[in-house]
Structure formats: structure tokens, C-alpha cells
Amino acid sequence: MTVAAGIGYALIALGPSLSLFVAVISKKPFLILTVLSSTLLWLISLIVLSGIWRAFLPLKSTTWWPFALLIISSVGFQEGLRVLFWKVYKRLEDTLDAFADRVGKPRLFLTDKMQIALAGGLGHGVAHAVFFCLSLLTPAFGPATFYVDRCPQMPFFLISAIIALAFVTIHTFSMVIAFNGYAEGNTTDQYFVPVVHLVAGMVVKHW
């Protein structure tokens, strides 16, 4: 393939995120900081997970349960980190509201809270895309492409970009759903997010 193809794959994976960043996030410095801190947090979590599982890889077993254990433990770790991220955000929100009361300014509106959750989710999604997709796209800028036996009709790089786009979408809006569920005590939303995350991970493993 060519440089144009490599750039195209990268834009498939991160184009919507870039649009969301320019249209919403970039207008408020605090949201930019939230995206950056969230991206760093999730990248560190993925590096930690990869370091832990590196001792057991490659999995020589052909049975399904080692892969299921890997995915379940990884999703569980990230969802636990999401709860921790929420608690840190909640303390920051209380601090900002207390400061607003002291200076006679309005507290955070619901839209502000949703935008913060959106920024946090975008950071999570971008970290996932960088870790699992962009790191694989370097060969796509070369003169050839690559196919896998399970899907000989589509280049591997295109499939990776589409999967990255799917996970960016899932992680971005899952954070909004999760934050709303934590704030309102809605157990349906709280369980919906990890279930979707787990199902998505299982589907990608099956592919």
C-alpha cells in the first residue's frame, strides 16, 4: 500500500475522535486536560496489563478458557479503573462546586458534567486505538498490504482500523453512561457498561 492508504486507515480509526475533539473538547481547556490525563491513565493501565500477561504469552493451548480468562481479567481491571476514575472526578467536582459557592458563581451544569465524562471516555478510546491499532499500522505505509486467512477479502489493516473505531465509540460513550449511572445510582447503567465491554472483547477474540 501507500502513504495515502496508511493515513486513510489512521483516519478511519481516529477521524471521528478528531472531529469530536475539535468540535467539543478543544473549546474548553479543562476538557483538553481531561482527555490528556484519561489517555495517559488508560495507556498506563494497558501497559501494566500487557506486562502482567506477557509472562503467560503466547498461549499454547487451543482451548477457549485461557483467552476468556485473559479478556475477563483485562476488562475487570479496566472497569475497576473506571470506578476509580469516577471517584477522582467526583472529588474534583465537589471541590469545583465548593469553590463556585465561595465566589458566587454557578455550579457545574449537567452539560458540563456530561462533557467531562465524554472527554474521559474519549481519552479511554484514543488510548485503546493507539495501543491496539496505530501500533500495527506502520507496515501499512509500505508498498504492500497483508491479509489473514479468516478474512481474505479485506486487508488486515482496514479491519484493525474498523475495530479500533468501534472500540473508540464504545469507550467514549460508555464513560458517559457509566458516569450517569454512578451519579444517579442506576444499577442498569452501571452493569451495562462492563457487559458491553466484555462482549466486545469476546467478539474481537472470536474474530
Are [X] and [Y] in one and the same hydrophobic cluster, where Ile, Leu, Val, Met, Phe, Trp and Tyr link if side-chain heavy atoms are under 4.5 Å apart?
{"X": "V203", "Y": "V196", "result": "no"}
{"X": "V193", "Y": "W86", "result": "no"}
{"X": "L198", "Y": "Y191", "result": "no"}
{"X": "F156", "Y": "V130", "result": "yes"}
{"X": "I170", "Y": "M175", "result": "no"}

Give me the atom names and distance for the closest heavy-atom approach of [X] to [Y].
{"X": "V176", "Y": "A117", "answer": "CA-CB, 3.9 Å"}
{"X": "G181", "Y": "D189", "answer": "CA-CB, 3.8 Å"}
{"X": "G201", "Y": "I71", "answer": "O-CD1, 3.6 Å"}
{"X": "P16", "Y": "L165", "answer": "CG-CD1, 3.5 Å"}
{"X": "A129", "Y": "V168", "answer": "CB-CG2, 3.7 Å"}
{"X": "K27", "Y": "P29", "answer": "O-CD, 4.1 Å"}

Please round to the nearest 0.5 Å and tell me the distance separating atom [atom1] of [X] and atom [atom2] of [Y].
{"X": "R82", "Y": "S38", "atom1": "CZ", "atom2": "OG", "answer": "9.0 Å"}
{"X": "T34", "Y": "Y89", "atom1": "OG1", "atom2": "OH", "answer": "9.5 Å"}
{"X": "I116", "Y": "F179", "atom1": "CD1", "atom2": "CZ", "answer": "8.5 Å"}
{"X": "E79", "Y": "S174", "atom1": "CD", "atom2": "OG", "answer": "7.5 Å"}
{"X": "I162", "Y": "F157", "atom1": "CD1", "atom2": "CZ", "answer": "14.0 Å"}
{"X": "L33", "Y": "I25", "atom1": "CG", "atom2": "CD1", "answer": "11.5 Å"}

Practice item. Dump the intermediate steps for side chain to side chain contact (heavy atoms under 4.5 Å, CB included) on M202 and I72, then the final yes or no. Key: CA-CA 9 Å; M202 290 294 188; I72 291 172; 3.9 Å; yes
Review point. Would a 4.5 Å heavy-atom cut-off, applied to side chains only, mark V35 and V126 as touching?
Key: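 Side chain of V35 against side chain of V126, heavy atoms only: no contact under 4.5 Å found.
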Exercise for review: With the side chain counted from C-beta on, respond yes when Q190 and I177 share a heavy-atom pair under 4.5 Å apart, and no when they do not.
Suggested key: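 With C-beta onward as the side chain, the pair stays apart.
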Exercise for review: Carefully, step by step, assess L118 and L122 under the rule side chain to side chain contact (heavy atoms under 4.5 Å, CB included).
Suggested key: CA-CA 6 Å; L118 185 70; L122 183 62; 5.6 Å; no
Plane angle bin for [Y] and [X] - parallel if under 30°, tilted between 30 and 60°, otherwise perpendicular:
{"X": "H128", "Y": "F167", "value": "parallel"}
{"X": "H171", "Y": "H124", "value": "parallel"}
{"X": "F85", "Y": "W42", "value": "tilted"}

Review point. Do L92 and F30 pass the side chain to side chain contact (heavy atoms under 4.5 Å, CB included) test, and can you show the C-alpha distance, the side-chain angles, and the key distance before you say yes or no?
Key: CA-CA 12 Å; L92 180 61; F30 183 76; 3.4 Å; yes
Point to revise | Audit row: F77, I52, side chain to side chain contact (heavy atoms under 4.5 Å, CB included) steps and yes/no | key: CA-CA 12 Å; F77 181 83; I52 294 173; 5.8 Å; no
Point to revise | Heavy atoms from other residues, nucleotides or ligands near CZ of F131 exceed 12 (cutoff 6.0 Å) | key: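 Buried by this count: over 12 neighbours within 6.0 Å.
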For the pair [X] (side chain) and [Y] (backbone), establish whether a donor and an acceptor sit closer than 3.5 Å, ignoring hydrogens and angles.
{"X": "S50", "Y": "I47", "result": "yes"}
{"X": "S73", "Y": "L70", "result": "yes"}
{"X": "S26", "Y": "F21", "result": "yes"}

Side chains of residues 106-114: which donor-acceptor partners sit under 3.5 Å, not counting sequence neighbours?
from : atom 1 : to   : atom 2 : distance (Å)
R107 : NE     : D101 : OD1    : 3.3
R107 : NE     : D101 : OD2    : 3.2
R107 : NH2    : D101 : OD2    : 2.7
D112 : OD1    : K28  : NZ     : 3.3
D112 : OD2    : F109 : N      : 3.0
K113 : NZ     : E93  : OE2    : 3.2

